[in-house]
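Below is one structure, written out as structure tokens, with a few remarks after it.
Reminder, nothing fancy here: chain letters follow the sequence lines and each chain counts from 1.
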Protein chains: 2
Amino acid sequence: MPADDQDLAALCARLGRRLADAERPILDAHELSMWDYVVLSHLARAPAGTQLALARAIRYDKTRLIALLDGLEAAGLITRAPDPADRRAKVVALTPEGEARRAGVQREIRAMEADALGALPEAERARLRRALARAVDAVGRTPRASG
Amino acid sequence: MPADDQDLAALCARLGRRLADAERPILDAHELSMWDYVVLSHLARAPAGTQLALARAIRYDKTRLIALLDGLEAAGLITRAPDPADRRAKVVALTPEGEARRAGVQREIRAMEADALGALPEAERARLRRALARAVDAVGRTPRASG
DNA sequence: TATTGTTATACTCTATAACTATA
DNA sequence: TATAGTTATAGAGTATAACAATA
């Protein structure tokens, strides 16, 4: 299959779904859902912010985020502290355990990626990651109709 | 946001979701669902096959495919003919109207992609598409655990 | 009056099991 | 007996509306 004449969205969806399938057993082993990992990854990258800011950043519904954070908090991976500046808001932050769990999962995922894309030379894998990152930034800077 | 240190699956998901969001209004205008378009696109590329083969090729549940094909058939975009070799099976094929609809939608989607990724030079867009296609092929050739 | 976190409810999408007709 | 298509049902995932506390 050439797969070269397909739309970008279709190509992204196919590659994304395959990689997500390969991630699942890793996440399962560490007792994390896909969205759990998305939250931990974002907290590791962004300064601690409010729940609403987090929901918007990862494009997840704020109502669904509640139960997710409940689980992560009960597992000791994050903390929810009241914001001194605005007592309605709660600031979410990663615990050392949360960061350790996240780092371990990421290491395994990177190894899986290298294995899954083994047919591609190392240099091309890095190029693909950079190209994807640039594309994400590019579409991000063009806030379309729904924005 | 650098977005360069993220996992491949996360990058694919983010770019894919944004592009899918941008596709929706186009598909809506042509009265097609995302999966409708996936089916039409596959039929345009692959020789007419059975329903089960189609479901497997696009990785869609065979039971959900029924209602989808019902709609496409009622709209005159595809045909379902009994396979003379195996009277249990039905061969799905694109009608001229179906191909015209598909081509029109694809043209608009390509224009949308060029617009959404306008910040990226044309050459890099083409490189991204090729890199994604090669990556899809690469993971496809490594049938993992669940396979 | 508007907003943050929360809960409860309704809706959509997806997966499982069971049926028919052919093989 | 197994398979292609089909149907009906149950389950997970998602979105919408309403509420309490604070701004």
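- In this view, A/R87 satisfies the side-chain contact (heavy atoms from CB on, under 4.5 Å) rule with no residue, not counting sequence neighbours.
- As judged by a 4.0 angstrom heavy-atom cut-off over every strand, A/L52 is placed among residues touching the sugar-phosphate backbone only.
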Identify all side-chain donor-acceptor contacts of residues 62-70 of chain B below 3.5 Å with residues at least two apart in sequence or on another chain.
residue	atom	partner	partner atom	Å
B/T63	OG1	B/D61	OD2	2.8
B/D70	OD1	B/R80	NH2	2.2

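- Put simply, CZ on A/R64 is 16 Å from C1' on C/dA8, counting in whole angstrom units.
- Across the protein-nucleic acid pair, A/K90 atom NZ and D/dA20 atom C1' stand 12 Å apart, rounded to whole Å.
- Between A/I109 and A/L19, the closest side-chain pair of non-hydrogen atoms is not below 4.5 Å.
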Nucleotide by nucleotide, nucleotides 16-23 of chain C touches protein heavy atoms under 4.0 Å in the pattern (B base, S sugar-phosphate only, - none) BB---BBS

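- If you take CD1 of B/I66 and P of D/dT9, they are 17 Å apart, rounded to a whole angstrom.
- One interatomic measurement links the two molecules: CG of A/L65 to P of D/dA15, which rounds to 13 Å at whole-angstrom precision.
- Here C/dA8 presents its P atom at 12 Å from CG of A/D70, a figure rounded to the nearest Å.
- With sequence neighbours left out, the side-chain contact (heavy atoms from CB on, under 4.5 Å) criterion links B/E97 to B/L77, B/T95.
- Contacts between residues 29-39 of chain A and DNA chain C, counted as heavy-atom distances below 4.0 Å, involve no residue at all.
- Distance B/D21 CG to D/dA15 P: 11 Å, rounded to the nearest Å.
- The nearest pair of heavy atoms linking A/G16 to B/C12 is CA-CB, 3.8 Å.
- Contacts between residues 73-83 of chain A and DNA chain C, counted as heavy-atom distances below 4.0 Å, involve A/R80.
- Among residues two or more places apart in sequence or in another chain, the side-chain contact (heavy atoms from CB on, under 4.5 Å) test is passed with A/A44 by A/L94, A/E99, A/R102.
- Under the salt bridge (Lys or Arg N to Asp or Glu O under 4.0 Å) criterion, B/R125 pairs with B/E122, sequence neighbours left out.
- When the salt bridge (Lys or Arg N to Asp or Glu O under 4.0 Å) test is applied to B/D83, no partner is found at least two apart in sequence or on another chain.
- Within the structure, the ring-ring contact (aromatic ring centres under 6.0 Å, His included) test picks out no pair touching residues 96-115 of chain A (sequence neighbours left out).
- Computed from coordinates, the A/Q51 CD to C/dT3 P distance equals 18 Å when rounded to whole Å.
- The interatomic distance linking A/R56 (CZ) with C/dG5 (P) rounds to 10 Å, in whole Å.
- The side-chain hydrogen bond (donor to acceptor under 3.5 Å, both in side chains) test applied to B/E31 returns no partner, not counting sequence neighbours.
- Identified under the ring-ring contact (aromatic ring centres under 6.0 Å, His included) test for residues 45-74 of chain B, with sequence neighbours left out: B/W35-B/Y60.
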